[in-house]
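Naming convention: chains lettered A, B, ... in sequence-line order (proteins, then strands); numbering from 1 in each chain. Both backbone and side-chain heavy atoms feed into the values below; hydrogens, waters and symmetry mates do not.
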2 protein chains.
Amino acid sequence: MSSIRAVASAAGVSASTVSRALNNPELVNAETRRRVLECADRLGYRPNRAARSLVLGRTTNVGLIVPDIANPVFALFIKGVEAYFRDTEYAVFLADTDEDAATEVRLAEAMVERADGLILCAPRMSGMRVRSIAAKTTLVLANRLSRTVPSIAMDFGPGIDQAIGHVHALGHRRCAFLAGPRDSWSNRQRRRFLAAGCAERGIELVELGPYEPRFGGGYRAADEALAADVTAVFAYNDLVALGVLARLRDRDVPVPGRMSIVGFDDVPTASMVAPPLTTVAVPIPAVARAASAMLLAKLREARPQGAAEPPPPRPPAPELATRLLIRSTTGPT
Amino acid sequence: MSSIRAVASAAGVSASTVSRALNNPELVNAETRRRVLECADRLGYRPNRAARSLVLGRTTNVGLIVPDIANPVFALFIKGVEAYFRDTEYAVFLADTDEDAATEVRLAEAMVERADGLILCAPRMSGMRVRSIAAKTTLVLANRLSRTVPSIAMDFGPGIDQAIGHVHALGHRRCAFLAGPRDSWSNRQRRRFLAAGCAERGIELVELGPYEPRFGGGYRAADEALAADVTAVFAYNDLVALGVLARLRDRDVPVPGRMSIVGFDDVPTASMVAPPLTTVAVPIPAVARAASAMLLAKLREARPQGAAEPPPPRPPAPELATRLLIRSTTGPT
DNA sequence: ATGAAAGCGCTAACAT
DNA sequence: ATGTTAGCGCTTTCAT
């Protein structure tokens with residue numbers, strides 16, 4: 001592994017000149033620079049990242065923590081973040097917390113040491129914990145809003161409004177919300193918007209659950225929804241909706257004849273099943289881009305140390321709006 | 001950020017003693033050590049990784065490259081690798097190549113700089129490229145076998161044998177293989193085993209495709225399979241099988257009445273659709289574990305530099321066997 | 001425009 | 001058992 005000195009002596013200059021030729025081309029004579037670059041290339045020189053990090057005090061890495069890679073929503077989110085940083089000097093560290101709160105914290109701590117900034121998708125982490133991490137690194141929260149920490153989340157309003165309007169128009173007056181994890185930010189959001197919207201339209205909303213936010217959770221939820229005598233359900237997410245659909249099919253309950261189903265997320269599977277799932281699509285790639293851009297901006301803004309951080313602007317972002325996708329699991333009462 | 005020297009002076013010892021207390025506890029007096037640890041803890045001391053990497057010449061990171069995170073098979077693989085390294089000193093860097101060969105190479109190069117070793121899932125990369133990467137870092141290939149580079153792949157034999165036996169028993173004598181990407185290692189494997197097995201049992205096998213290894217590819221494949229007048233298809237993977245299933249349903253072709261379908265992979269969706277998919281399940285977690293273990297072993301074996309690498313033992317690994325999952329998309333002719 | 005020298009935070013001989 | 005010293009590869013003053 002050839003070092004900067006090898007290149008320097010090959011080019012007949014000092015190490016500093018090589019460094020400059022590489023990092024501040026304008027500070028070095030064009031011809032010298034050409035020679036240096038040529039030698040570096042010939043020797044296959046790759047700057048040692050550790051040495052560079054040591055002196056610069058930054059790693060040029062960013063961390064990304066998500067609850068569950070196998071969840072298509074997060075998979076898409078990761079892809080978005082990776083794609084965004086692919087064209088920058090940063091590489092991304094990924095960690096999967098297995099939906100476990102303790103792991104979330106452990107991994108976040110581990111990331112802090114290895115990256116200059118962190119995108120955190122940790123729906124269950126306490127606000128206090130989040131702030132403590134924010135104190136140690138440049139942090140951006142995704143899928144969760146905070147007043148103290150820069151954060152990006154989608155706007156549930158439009159999609160849920162549309163869903164309620166749709167279900168109402170089909171004549172449903174008694175519906176259920178199949179809740180996900182009690183303490184998750186997005187469960188609370190979904191519930192809140194749903195409750196408000198239903199109240200407004202005079203739809204009676206009963207809450208069932210919480211259910212595991214997976215296929216199995218929905219499978220169980222289906223029977224309880226039937227027993228609760230509702231004509232439509234809003235599932236916490238598509239996985240749950242898919243479970244409901246499967247269970248109703250197994251019980252020979254017609255969908256949407258006897259029960260309408262609205263999912264959340266628009267995972268790929270939602271459109272592969274029969275009948276394809278009506279669902280509230282979430283703008284994951286947009287969230288990923290926005291969170292990445294926010295982190296990159298914070299990383300790049302050379303804030304003189306100690307200078308106060310400007311409050312992150314939170315413009316209304318239309319690209320972060322959810323929207324209803326009407327497919328075939330919803331029908332008239 | 002407090003340095004090792006801050007801890008040293010707080011504990012009234014030298015930096016080396018702190019270093020030793022942390023890294024080689026047995027070399028330091030128990031009482032001294034206690035004091036050092038106490039001070040380190042009190043000061044919130046975190047060793048600077050860059051400095052450590054610089055002197056040690058290792059990063060304590062490993063890289064992981066996969067073609068597509070959104071593919072459930074790889075998602076599971078990633079999870080497996082992450083889980084494995086979670087209990088070690090290593091953190092894992094993830095990169096998604098978007099199924100693109102050029103990106104594969106670029107990312108692999110980027111990883112080499114940041115990690116001590118690499119698990120590469122690059123079905124399309126040329127053998128030459130692979131070897132060139134292997135020359136630069138500790139490399140383990142996953143889902144692909146190589147004679148020169150340590151590699152782990154599942155054993156397609158058992159699952160495919162069972163699938164062919166199953167289809168044969170149901171009376172099918174003319175089947176199709178719905179091929180995936182021509183140049184992918186696993187497509188070649190699947191095809192080869194299928195061809196051999198069918199020949200052995202006197203089943204006529206026609207090859208269709210290649211198709212895009214996604215739902216859409218299968219959607220297209222369905223019509224061609226019907227036209228090819230086969231009674232059963234082996235899809236390249238479950239996504240393709242799911243597409244076939246959906247298309248046949250749209251065309252009111254009974255499954256398995258008129259057409260039997262066998263998938264590959266056993267992705268979660270396979271069991272969520274109706275009828276649930278008969279498929280050859282692949283032991284992804286086992287592959288992930290095996291690849292991770294192999295990499296960790298290579299990383300840990302302190303090979304005196306220049307010493308020849310021992311040929312990696314490749315024991316028959318029963319846990320790497322695929323196996324048929326009979327569900328409901330296969331039936332008698 | 002370039003070089004010499006110092007130092008980032010840590011570990012590992014080498015002394016004692 | 002502990003301290004002293006040198007040095008990992010790089011960037012960045014400070015001279016020239």
Side-chain angles (χ1 to χ4, degrees), chain A residues 1-41 43-61 89 112-116 136-137 302 304-305, chain B residues 1-40 43-61 89 112-116 136 302 304-305:
Chain A
M1 203 61 262
S2 59
S3 80
I4 200 173
R5 291 224 264 268
V7 179
S9 76
V13 296
S14 75
S16 341
T17 300
V18 175
S19 175
R20 281 190 284 253
L22 262 22
N23 305 317
N24 302 80
E26 70 282 6
L27 294 185
V28 65
N29 180 291
E31 165 56 18
T32 314
R33 174 160 170 257
R34 204 201 47 67
R35 218 169 58 241
V36 168
L37 261 27
E38 196 264 320
C39 290
D41 191 57
L43 297 181
Y45 170 69
R46 314 258 36 172
N48 178 315
R49 296 196 86 82
R52 181 180 253 254
S53 290
L54 179 55
V55 59
L56 258 23
R58 36 188 235 117
T59 59
T60 335
N61 296 150
E89 67 270 36
V112 167
E113 293 181 17
R114 311 170 124 101
D116 300 331
K136 293 188 203 133
T137 190
Q305 53 181 0
Chain B
M1 204 62 259
S2 59
S3 80
I4 199 173
R5 291 226 263 272
V7 178
S9 76
V13 297
S14 76
S16 342
T17 301
V18 176
S19 176
R20 279 188 288 253
L22 262 23
N23 305 316
N24 302 81
E26 70 283 6
L27 294 184
V28 65
N29 179 293
E31 165 55 18
T32 314
R33 175 160 170 257
R34 202 200 49 68
R35 216 171 58 242
V36 168
L37 261 26
E38 196 263 321
C39 291
L43 297 182
Y45 170 70
R46 316 258 33 170
N48 177 315
R49 298 196 86 81
R52 181 180 253 253
S53 289
L54 180 56
V55 59
L56 257 22
R58 33 186 239 122
T59 60
T60 336
N61 297 150
E89 67 272 35
V112 167
E113 295 181 14
R114 311 172 123 101
D116 301 331
K136 294 189 202 130
Q305 53 180 1

State whether [X] places a side-chain N or O below 4.0 Å from either non-bridging phosphate oxygen (OP1 or OP2) of [N].
{"X": "A:Thr17", "N": "C:dT2", "answer": "no"}
{"X": "A:Ser16", "N": "C:dT2", "answer": "no"}
{"X": "A:Thr32", "N": "C:dT2", "answer": "yes"}

Nearest-angstrom distance from the residue atom [atom1] of [X] to [atom2] of [N]:
{"X": "B:Asn48", "N": "C:dC10", "atom1": "CG", "atom2": "P", "value": "6 Å"}
{"X": "B:Asn24", "N": "D:dA1", "atom1": "CG", "atom2": "C1'", "value": "13 Å"}
{"X": "B:Arg5", "N": "C:dC8", "atom1": "CZ", "atom2": "C1'", "value": "9 Å"}
{"X": "B:Leu54", "N": "C:dC8", "atom1": "CG", "atom2": "P", "value": "13 Å"}
{"X": "A:Tyr45", "N": "D:dC10", "atom1": "OH", "atom2": "P", "value": "3 Å"}
{"X": "A:Arg52", "N": "D:dC8", "atom1": "CZ", "atom2": "C1'", "value": "16 Å"}
{"X": "B:Arg46", "N": "C:dC10", "atom1": "CZ", "atom2": "C1'", "value": "15 Å"}
{"X": "A:Leu22", "N": "D:dC10", "atom1": "CG", "atom2": "C1'", "value": "11 Å"}

Exercise. Are A:Val28 and A:Val36 side-chain neighbours, meaning at least one heavy-atom pair lies under 4.5 Å?
Worked result: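 SC-SC contact between A:Val28 and A:Val36 ruled out.
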
For this session: State, with a plain yes or no, whether a side-chain heavy atom of B:Leu37 is found less than 4.5 Å away from one of B:Arg33.
Result: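 When only atoms from C-beta onward are counted, B:Arg33 and B:Leu37 do touch, with a gap below 4.5 Å.
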
Problem set entry | B:Arg34/B:Glu31 salt bridge by N-O under 4.0 Å criterion | yes

Exercise. When you match B:Ala15 and B:Ala51 each to their closest nucleotide on DNA chain D, which lands nearer the 5' end?
Worked result: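 Its nearest nucleotide being more 5', the pick is B:Ala15.
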
Exercise. On DNA chain D, nearest-nucleotide positions of A:Ser19 versus B:Gly12: which is more 5'?
Worked result: B:Gly12

Exercise. Just by distance, with hydrogens left out, do B:Asn61 and B:Arg49 show a side-chain donor and acceptor under 3.5 Å apart?
Worked result: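 The answer is no; no qualifying pair exists.
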
For this session: Just call it for B:Val28: base, sugar-phosphate, or nothing, with non-hydrogen atoms closer than 4.0 Å on any strand.
Result: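 Sugar-phosphate only.
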
For this session: Assign A:Leu56 to base, sugar-phosphate, or nothing according to its heavy-atom contacts below 4.0 angstrom with the strands shown.
Result: sugar-phosphate

For this session: Check the pair A:Asn48 / A:Arg46 against side chain to side chain contact (heavy atoms under 4.5 Å, CB included), numbers first and verdict last.
Result: CA-CA 6 Å; A:Asn48 178 315; A:Arg46 314 258 36 172; over 6 Å; no

